[in-house]
Amino acid sequence: MGLLDRRLLFVTGKGGVGKTTVSAALARCAVAGGKRVLVCQADGVGSLAAAFDVPPVGFDPVEIEPGLHLMAMDTEASLREYLKLHLRLPLGGRLGPLASVFDFVAGAAPGVKEILSVGKIAYEVRERHFDLVVVDAPASGHVISQLAAPQGIRELVKVGLIRNETEWMGDLLADPEVTAVLLVATPEEMPVTETLELLGRIRSETEVSVAAIVVNRVLPELFNRREGALFDRLAEPGDWQDELVRLNGDAVHPVLEAAALATRLRRSRASHLARLREAAPDVAQIYLPFLFARPHGTRAVQLLADALAAELD
Amino acid sequence: MATARPHRATPRGTDARLDQLVAASDVVLTCGAGGVGKTSVAAALAATAAVQLDAKVLVLTVDPAKRLATAMGLSGFGNTETVVGRDAFAAVGAQPRGELWAAMLDTRASWDELVGRHAPDELTRDAILANPLYRNLISTFVQSHDYIAMERLHEIHASGRYDLVVVDTPPSRHAIDLLDAPARMADFFASRLLRWLIAPYRSRLANLASKPFQAVADRLLGASFLADIAEFFLLFQSMYDGFVERAKSVEQTLRDPTTSFLVVTTLEAGPVQEAMFFCDELERRGLRLGALVCNRTLPPGLGDPAARRLADHWQRHPEAAAATLSPVADHGPPAAGSDAGPDRQDRDRQDVDRQDVDPQDRDRLAQVFTTMGQSFIDYAMLAAREAELAARLAPLAERRAVVPQLDHDIADLGHLLELGRALWPT
């Protein structure tokens, strides 16, 4: 099935690999395909709104353009909404002193914050308020505790309302037709290593399926082999290089050096890509190009959305 | 705080930048956004210090991969400090004047040790370690990773076992959490909330204030779960005072004048923002910013205007550029066919390797000039952005180190020392 035919996609990966931009690009693709999409910033502090060039959003989804909605997770607001729906507690605008107590329990009791976060997301999916919910999820590690929250709570909490909720949430997360994780990586040493670790942990510690690895910032190939041989002859001291310097002066060196650096970087990254493919042969890989242009805001998102659309085609 | 330590000799004639920092510090903490190379910078600094100074140096890392251990010639290292063999240095032609030690921060093991140290008796300790909530708690606790890193640092520093300790800090969602961790830990254990939670289980006089909370929590989580938590905290209670006091001393270590912070960043928008925020916070708190490290920077030649003009020219008129080489490239007929698929290239490759490059293929050579020109223009754009960001960072730190983008991974001690030379030119 197509990636965008699912209803809930968690986008995660090591910090700094471009999760937010990829989440935004993914949402753009889906909206372009006519879907009603909600993008949720899971840790509440990131730069999702900036990626769309809109002011920061809160817990209530905001439609920033037709079909495209944004929200930022806020576990306290999630609890308030939940209490309102289920306990009919007469709570005012804020939880007041309860909030700090809640903060404490959520900090101490494992999985409570996570279940409130993932619970709100799952609720939006279950109620079919949107065709697709894209979660700009926390980085490696933190995402595991979110995805595994329903299982964890089931093991620790034997009774109570929260326990009851874990059943349907767990089912929704475990259904590969509904929910999947996208791992974002860059073709560098540590991001690839951590992506493979994360893949292993998601498979062993959660019931959620992994749909694909999005490899972001793939450098372009400069030369094919024959061109490479010609370039080597230019880049090494010798008759050709002497001739270039004689005609163009010392400006030749930075240009040759830049091309040599670009070639070596590309080669080193290609080896990490190969390692990723080898270690995870059963996971689809989607390549997105390195953007040399100013990688900010909506333009970068649109460029990546176009690249993504071409890859998903 | 630390006991008497041996005098540290600074080698004479060092054109120093970071070595001044290191010579004046007992503790250096590397901080920065995730993925900027903190771990490598920390290890490189420690390895270089061990080579150049007559000092016993420890690098305390959180690197989850075995990579760093392998690079230092260790088969692996854990919570216990391990010395890096002189043979590992000898293998890359280095003769350390001091010693390099390494330890990996294992959050779980460190917490277990901490509980062992603070528990009033073995019974309480075992009960806590056996509590099913304990493991979950230390992984979700108020920044337990940050805190335990600081705690471990404090313990090592106070022991006076090392002349220099370089700490690679855990990747915080926000670097600043690290600085707040000791204070938060103290607050946490002193918190009234904790008492609220435990109150109904400790005495029959249920605290009035905790009642509404208990009512909601019971319905949400079930009373038995709350009882489990309360039992755990009752056990923990015996250690509160010890923890609070300890957290305060840990904070003192961060404030010590011989402690300094090394803010590491790449010249990319996100990491730079994080670095600027961190520098501001250090200043606000009166903590010492030792130096700012700009890691993985592009070569300065990319800002050369003459090179840029040449790149533009090559990119626009590649045939003309290729034609200039014709005097040296004028023998033999053009190669049959051009760059067909990869198979074709593979078959061609041996010919290419064995014979001289086919010089007649001007189209191909022109393509090389186009690509070189375009590639320079692309990378110059990145370099210009780096320069902008570097200019914004400049006023933040007196000492800065600029580390070039390496085109290989850090695979051995030699690579760490190479990185160290950029940090610490000799």
Side-chain angles (χ1 to χ4, degrees), chain A residues 14-17 43 45 83 87 89 98 100-101 104-105 107-111 139 145 156-163 189-191 193 197 222-227 229-231 233-234 239-240 243-244 247-249 251-259 261-262 264-265 268 292-294 296, chain B residues 33-36 65 67 133 136-137 140-142 171 173 191 193-194 196-197 212-213 216-217 219-222 224-225 229 269-271 299 301-302 304 306-307 309-311 314 324-325 328 339 345 348-349 352 357 364-365 367-368 371-373 375-376 378-379 381-382 385 405 407-409:
Chain A
K14 181 177 161 67
V17 296
D43 60 9
V45 288
L83 295 178
L87 300 181
L89 280 178
L98 259 184
S100 49
V101 179
F104 166 72
V105 168
S145 37
L156 281 166
V157 185
K158 303 296 177 213
V159 290
L161 268 174
I162 284 192
R163 154 91 201 191
E189 187 185 12
M190 289 312 288
T193 303
E197 277 170 12
L222 267 77
F223 305 117
N224 62 33
R225 281 191 171 122
R226 291 208 138 212
E227 289 166 2
L230 289 171
F231 171 69
R233 186 167 161 193
L234 286 166
D239 53 351
W240 276 14
E243 187 64 11
L244 283 179
L247 288 164
N248 304 289
V252 165
H253 296 299
V255 183
L256 291 177
E257 276 155 23
L261 176 69
R264 288 193 305 266
L265 282 178
S268 134
F292 287 97
R294 192 163 289 267
H296 269 308
Chain B
V36 297
R67 179 179 77 124
L133 287 175
N136 283 311
L137 279 164
T140 51
F141 233 175
V142 252
R173 198 96 51 99
S191 121
L193 303 175
L194 211 55
W196 278 8
L197 188 66
F213 159 66
V216 174
R219 288 179 74 181
L220 284 175
L221 297 163
S224 66
F225 178 59
I229 298 186
L302 287 166
D304 180 347
R309 281 193 296 276
L310 183 61
W314 282 357
T324 62
L325 291 176
V328 277
D339 308 306
Q345 285 172 32
D348 285 350
R349 195 191 178 187
V352 170
V357 177
R364 195 178 286 141
L365 191 53
Q367 183 57 47
V368 170
T371 306
M372 284 194 297
S375 181
F376 186 91
D378 285 344
Y379 278 88
M381 190 148 47
L382 288 186
R385 199 150 66 226
Q405 167 94 48
D407 49 25
H408 54 77
D409 303 319

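Bear in mind that the values here come from a model prediction, so they are computed numbers and not experimental data.
Pairing each heavy atom of A:V255 with each of B:A307, the nearest pair is CG2-O, 3.5 Å. Of all heavy-atom pairs spanning A:L261 and B:P299, the tightest one is CD2-CD, 3.5 Å. Residues B:G301 and A:P254 come closest through the heavy atom pair O-CB, 3.6 Å. Closest non-hydrogen pair, A:A262 versus B:S375, comes out as CB-OG, 3.6 Å. Here the closest non-hydrogen pair linking A:F292 and B:R385 is O-NH1, 3.3 Å.
Distance check: A:L244 CG to B:W314 CH2 gives 5.0 Å after rounding to the nearest 0.5 Å. To the nearest 0.5 Å, atom CG of residue A:L247 and atom CG of residue B:L325 are 8.0 Å apart. With values rounded to the nearest 0.5 angstrom, A:L230 atom CG is found 6.5 Å from B:R364 atom CZ.
Proximity to chain B (any heavy atom under 4.5 Å) is shown, for A:V252, by both the backbone and the side chain. Contacts of B:D378 with chain A are made by both backbone and side-chain atoms, with heavy-atom separations under 4.5 Å.
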Apply the test side-chain contact (heavy atoms from CB on, under 4.5 Å) to residues B:T324 and A:N248: give CA-CA distance (whole Å), side-chain angles for both, the deciding distance (0.1 Å), then the verdict. CA-CA 10 Å; B:T324 62; A:N248 304 289; 5.7 Å; no
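With contacts defined as side-chain heavy-atom distances shorter than 4.5 Å, the pair B:Q367/A:N224 does not qualify.
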